[in-house]
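Both counts, for ligands and for their atoms, begin at 1 and track the order of listing.
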Amino acid sequence: MHDIIREGHPTLRARAEKFTFPLSDEEKQTAQKMMEFLENSQDLEIAEKYNLRAGVGLAAPQIDVSKRMTAVLVPGEEEGQEPLFKHILINPTILSESVQMAALAEGEGCLSVDREIPGYVPRHARIKLRWYDLDGNEHVERLRDYVAIVVQHEIDHLNGVLFFDHINKENPFAATEDLILL
Ligand SMILES: CNC(=O)c1cccc(C)c1Nc1nc(N2CCN(c3ccccc3Cl)CC2)nc(N2CSC[C@H]2C(=O)NC)n1
Ligand code: NI
């Protein structure tokens, strides 16, 4: 697994290239390694052993692969439950988005940003997402709340956008009364 690149590396600010199908075996392998990384990062023993920071999303540009692919693994609420969302998203596109905005009440973290940047990151509370899986099958799903926030954070990475770009410079915790805090 390639190392995760950090803030300051130009690839994090580049627009990633679309994939063409069929994907090469190497491209499929990279995708599977990204998902494996998320699984390991969420396993407290493995994460501690390999000093991994936990994440629920990882985009290919974060391992210096400037291609439009992200792995998302949002675990279920309770231990042993099925994940809320576990997909490798190839060429993801947001088809529509709610006017209603939402933000994580505790702010956002990113595996490529080694510092805490406080503040609300306003995102669309609901999105209609289209993506392709490793075999080129098209998927369309409506997402909301935490899963929608994570997917928007990861798609930002494909466009060279980092979470703190969205934080209000004057007042990081500025919130319109209709901003849903999650
Ligand atoms: C500055 N305050 C904060 O970071 C912050 C602070 C408090 C709460 C939240 C909720 C915050 N915010 C935040 N917490 C997360 N995790 C919570 C812990 N979890 C996790 C940890 C251990 C095992 C398994 C798991 Cl699952 C991993 C994921 N993840 C993201 N993001 C932003 S969208 C992409 C996603 C990401 O994967 N980042 C690396 N934000
Ligand atoms: Ni990130």
Side-chain angles (χ1 to χ4, degrees), residues 1-16 33-89 92 94 97 101-127 129 131 143-168 171-175 179-182:
M1 175 75 179
H2 321 248
D3 286 335
I4 290 178
I5 60 173
R6 299 305 202 277
E7 200 183 345
H9 190 302
T11 304
L12 281 178
R13 288 303 190 180
R15 180 177 176 73
K33 292 231 176 295
M34 286 167 61
M35 184 59 80
E36 230 171 85
F37 173 86
L38 293 177
E39 287 164 338
N40 290 339
S41 81
Q42 294 178 18
D43 177 309
L44 295 182
E45 274 171 41
I46 300 175
E48 192 170 338
K49 182 173 176 199
Y50 295 101
N51 189 27
L52 305 179
R53 207 178 131 197
V56 289
L58 183 68
Q62 294 183 271
I63 56 169
D64 202 14
V65 173
S66 199
K67 302 285 291 264
R68 302 186 78 78
M69 161 170 70
T70 172
V72 178
L73 174 55
V74 179
E77 315 284 333
E78 304 297 323
E79 282 286 313
Q81 262 185 348
E82 284 295 295
L84 277 181
F85 194 84
K86 178 178 184 181
H87 291 284
I88 290 165
L89 310 177
I94 294 175
E97 52 201 19
M101 303 296 276
L104 295 184
E106 314 223 19
E108 290 190 11
C110 178
L111 297 176
S112 295
V113 178
D114 288 333
R115 57 196 172 108
E116 282 255 334
I117 304 176
Y120 293 143
V121 181
R123 296 187 186 278
H124 298 283
R126 292 174 300 284
I127 60 173
L129 180 73
W131 76 93
L143 307 175
R144 55 182 302 149
D145 300 336
Y146 187 47
V147 172
I149 297 282
V150 174
V151 167
Q152 289 171 83
H153 174 115
E154 300 312 325
I155 290 177
D156 267 356
H157 277 302
L158 307 182
N159 299 323
V161 174
L162 295 174
F163 73 92
F164 52 81
D165 299 343
H166 300 288
I167 296 176
N168 183 311
N171 171 6
F173 292 96
L179 178 70
I180 297 172
L181 293 181
L182 297 169

From [X] atom [atom1] to [Y] atom [atom2], the distance as rounded to the nearest 0.5 Å:
X      : Y      : atom1 : atom2 : result
His9   : Ile4   : NE2   : CD1   : 12.5 Å
Met34  : Glu154 : CE    : CD    : 8.0 Å
Arg123 : Leu104 : CZ    : CG    : 8.0 Å

message: Within the structure provided, determine whether Glu108 and Ile149 are in side-chain contact (heavy-atom separation under 4.5 Å).
response: yes
message: I need the atoms of ligand 1 closer than 4.0 Å to a non-hydrogen atom of Leu104, numbered in the order shown.
response: 12 (N), 40 (N)
message: Show the atoms of ligand 1 that are less than 4.0 angstrom away from any heavy atom in His153.
response: 32 (C), 33 (S), 34 (C)
I need the nearest protein heavy-atom contact for [atom]: residue, atom name and distance, please.
atom                    : value
atom 11 (C) of ligand 1 : Gly107 O, 3.5 Å
atom 20 (C) of ligand 1 : Ala54 CB, 3.7 Å
atom 14 (N) of ligand 1 : Tyr146 OH, 4.5 Å

Give every donor-acceptor pair under 3.5 Å between a side-chain atom in residues 159-166 and any protein atom, sequence neighbours left out.
| residue | atom | partner | partner atom | Å |
| --- | --- | --- | --- | --- |
| Asn159 | OD1 | Arg15 | NH1 | 2.7 |
| Asn159 | OD1 | Arg68 | NH1 | 3.1 |
| Asn159 | OD1 | Arg68 | NH2 | 2.7 |
| Asp165 | OD1 | Arg13 | NH2 | 3.0 |
| Asp165 | OD2 | Arg13 | NH1 | 2.6 |
| Asp165 | OD2 | Leu162 | N | 2.9 |
| His166 | NE2 | Asp156 | OD2 | 2.6 |

[X], any N or O under 3.5 Å of ligand 1 N or O:
X      : answer
Val56  : yes
Glu106 : yes
Ile117 : no

- line: Out of Glu154, Arg123, His157, Glu108, the nearest non-hydrogen contact to atom 34 (C) of ligand 1 is supplied by Glu154
query: Out of Gly109, Ala105, Gly57, Cys110, whose heavy atom is nearest to atom 13 (C) of ligand 1?
result: Gly109
- request: Could you list the residues that satisfy side chain to side chain contact (heavy atoms under 4.5 Å, CB included) with Leu84, not counting sequence neighbours?
  value: Val74, Glu77, Val147
Might you point out which heavy atoms bring [X] and [Y] nearest each other, and give the distance in Å?
X      : Y      : answer
Tyr120 : Phe173 : CE1-O, 3.4 Å
Asp114 : Arg53  : OD1-NH1, 4.3 Å
Gln42  : Leu73  : NE2-O, 2.9 Å

message: Counting only heavy atoms closer than 4.0 Å, does ligand 1 sit against the backbone of Phe164, its side chain, both, or neither?
response: neither
- request: Report the part of Pro75 in contact with ligand 1, treating N, CA, C, O as backbone and CB onward as side chain, heavy atoms under 4.0 Å; options are side chain, backbone, both, neither.
  value: side chain
field: Under 3.5 Å: donor-acceptor pair, side chain of Ser112, backbone of Gln62
entry: no
query: Counting heavy atoms not belonging to Glu48, are there more than 12 under 6.0 Å from its CD?
result: no
query: Can a protein heavy atom be found under 4.0 Å away from atom 18 (C) of ligand 1?
result: no
- line: Hits for ring-ring contact (aromatic ring centres under 6.0 Å, His included) against Tyr50, two or more places apart or cross-chain, chain-then-number order -> none
- prompt: Closer than 2.8 Å to the Ni ion (ligand 2), which protein N, O or S atoms?
  reply: Cys110 SG, His153 NE2, His157 NE2
